[in-house]
Participant: 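This structure is in structure tokens; I'll ask about it shortly.
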Amino acid sequence: MWSAENAKKGGPFDAVKSRLLLFHPMNEIRVDRYFGKAVNLSLVLNLVKSAGPISRAEIATRSGLSAATVSNLSSELIDDGLVHETGVVETSRGRPPVTLSLNSKAKYVVGVKVMPGSLVAVVTDLDAQVVSYQESTELDEASFRNGKASAAVVVGNIASLVKSVITASGVDQADLLGVGLGLAGIVDSTTGTCRYSPFFGWRDVDLASPLASLLGLDVYLENDVNSLTIAEQWFGDGRGYDSFVVVTVGSGVGAGFVLNGQFYGGDGRGVGELGHITVMPSGPTCGCGKRGCLEVMASDAALVAAAKKAVQRGELTLLDESSEVTLETVVSAATAGDEPARRLLADSGRWLGVGLAMIVNLLNPELLIVAGEGVEAGSWRLGPMQEALEENRFDSLGSGTKLVVESAGDVTWARGAACVVLSEFFKSPLHRGRPAAVPAGAGRGVHGEELP
Ligand SMILES: [Zn+2]
């Protein structure tokens, strides 16, 4: 492993890099040869991951490290099993150099999408490829009392599912880097605490520590839209883009950001609450208590609530009071020619488009990805969304922004949670802005007792 501890064994160090690091503004970092080596190891590992198969000479050219340093560092990564020699590069003369590739089966991670009605868990390799998948629907209404779920019950259910999916994968616990949890709401990823979950009714609930204790694995907690954004950057439509924004529409509306090639997580304690930007100050009351939030105008929940009222007024010709009113049935009614159903979908789409225009006017990203179960509404909603985006963006801003619509299934969300762990593993020590994880074993006793 290339942890800070192991790095202290010593080894070569690039003098130029050390001088650069001395001037690094992150003055809390103790700049020494061991830290420098950890940075260089990370640099080589990431080059192998992103550009492999790659020769040692090419790594030296791209990184600016000396050939001797690259040779030593790659030997260390090969000894650790993270990198392997996979072939040769054709050259016009001389002995062809051996190429290096990431050994994606060297380590594994677990990702869990945590929802009130169900849990979905995956085990993935270092390339975020799913090797095992399971879901649990035990988290039913029985877990809730007075609109609030028992965190102890939820944590227990997550632990059972994670153990089960690991067993099914056949992966040795020693080869697991950790568990990532994706949860809707305001999440403090620095402490593994859920600050606010509208769906579970939680405030300031510590989830990562008790789960780490139960599993004996490091646990990372992240907002679900952020984890999906990291997944898009890793293996989705966001690959290769320097700036993109993911906007999700479902029971809520949220956003995640990649800016200048880096995932943007704010201060680590919540970001991207697009759904709670006020768009109509005198509008309906949102679940957050404020009025006229985008979410109360544009989410699936808002659409269904508006459709139910319209049904009560007898306005929807193809749905009556005996009908189940869901996004699906409203879309079916629209497809069958129900004009009021079409208007409801169009209104909701237009509000979404207003939200997208805000993003474009603020950030002008190269790519906008609209995802979530809400995109299943199709063109009745997405056509007006695009029109409103066009109408509300400022001048040339957004003219070069590519718009992609995709319906991210539960497995994609769970893979996103797995990618939270992977992104920490591959992150340069220079960019580790938050504690690596809530370590296994933290929070025994007192944290367990604090659960509501
Ligand atoms: Zn709100």
Side-chain angles (χ1 to χ4, degrees), residues 113-117 144 146-149 182-189 193-205 221-229 245-257 264-310 325-327 330 344-363 368-375 377 381 384-385 388-389 392 413:
K113 162 84 165 151
V114 182
M115 295 162 283
F144 288 78
N146 303 323
K148 203 171 168 187
L183 176 74
I186 298 179
V187 162
D188 184 340
S189 57
T193 306
C194 171
R195 291 284 168 228
Y196 173 52
S197 163
F199 302 131
F200 285 102
W202 291 335
R203 279 210 181 265
D204 298 324
V205 171
L221 181 67
E222 186 52 273
N223 168 272
D224 59 347
V225 181
N226 284 347
S227 63
L228 183 66
T229 304
V245 178
V246 177
V247 172
T248 57
V249 57
S251 43
V253 174
F257 311 98
Y264 178 75
D267 71 353
R269 287 169 286 206
V271 73
E273 292 297 340
L274 176 67
H276 298 286
I277 289 177
T278 311
V279 291
M280 188 189 271
S282 57
T285 305
C286 177
C288 74
K290 291 192 302 160
R291 294 183 67 163
C293 292
L294 180 64
E295 190 159 296
V296 81
M297 312 303 291
S299 68
D300 291 0
L303 176 78
V304 169
K308 281 180 178 167
K309 281 185 187 159
V325 182
T326 63
L327 178 64
V330 175
L344 283 169
L345 286 162
D347 286 349
S348 145
R350 290 192 63 77
W351 281 114
L352 270 180
V354 168
L356 297 186
M358 288 177 188
I359 300 268
V360 160
N361 290 350
L362 284 172
L363 299 169
L368 258 180
I369 300 171
V370 181
E373 58 265 44
V375 304
R381 191 187 219 176
M385 176 191 83
L389 167 60
N392 292 284
W413 287 91

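We count ligands from 1, going down the list as the structure has it; atoms in each ligand are counted the same way. No hydrogens, no waters, no symmetry mates; every other heavy atom, side chains included, goes into these values.
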Participant: Can you list, pair by pair, the side-chain donor-acceptor contacts under 3.5 Å of residues 266-281, counting residues two or more places apart and other chains?
Facilitator:
from	atom 1	to	atom 2	distance (Å)
D267	OD1	R269	N	2.8
D267	OD2	R269	NE	3.3
D267	OD2	R269	NH2	3.2

Participant: Show your reasoning for whether side-chain contact (heavy atoms from CB on, under 4.5 Å) applies to V205 and T193.
Facilitator: CA-CA 6 Å; V205 171; T193 306; 5.7 Å; no
Participant: Is K308 atom NZ crowded by more than 12 heavy atoms from other residues, nucleotides or ligands, each under 6.0 Å away?
Facilitator: no
Participant: Would you indicate whether the side-chain heavy atoms of V253 and W351 approach each other to under 4.5 Å?
Facilitator: no
Participant: Counting neighbours of OH on Y196 that are heavy atoms of other residues, nucleotides or ligands and sit closer than 6.0 Å, is the number greater than 12?
Facilitator: yes
Participant: Under a plain distance cut-off of 3.5 Å, with no hydrogens placed, do T285 and R291 share a side-chain donor-acceptor pair?
Facilitator: no
Participant: Taking 2.8 Å as the limit, list every protein N, O or S atom around the Zn ion (ligand 1), by chain and residue number.
Facilitator: H276 ND1, C286 SG, C288 SG, C293 SG
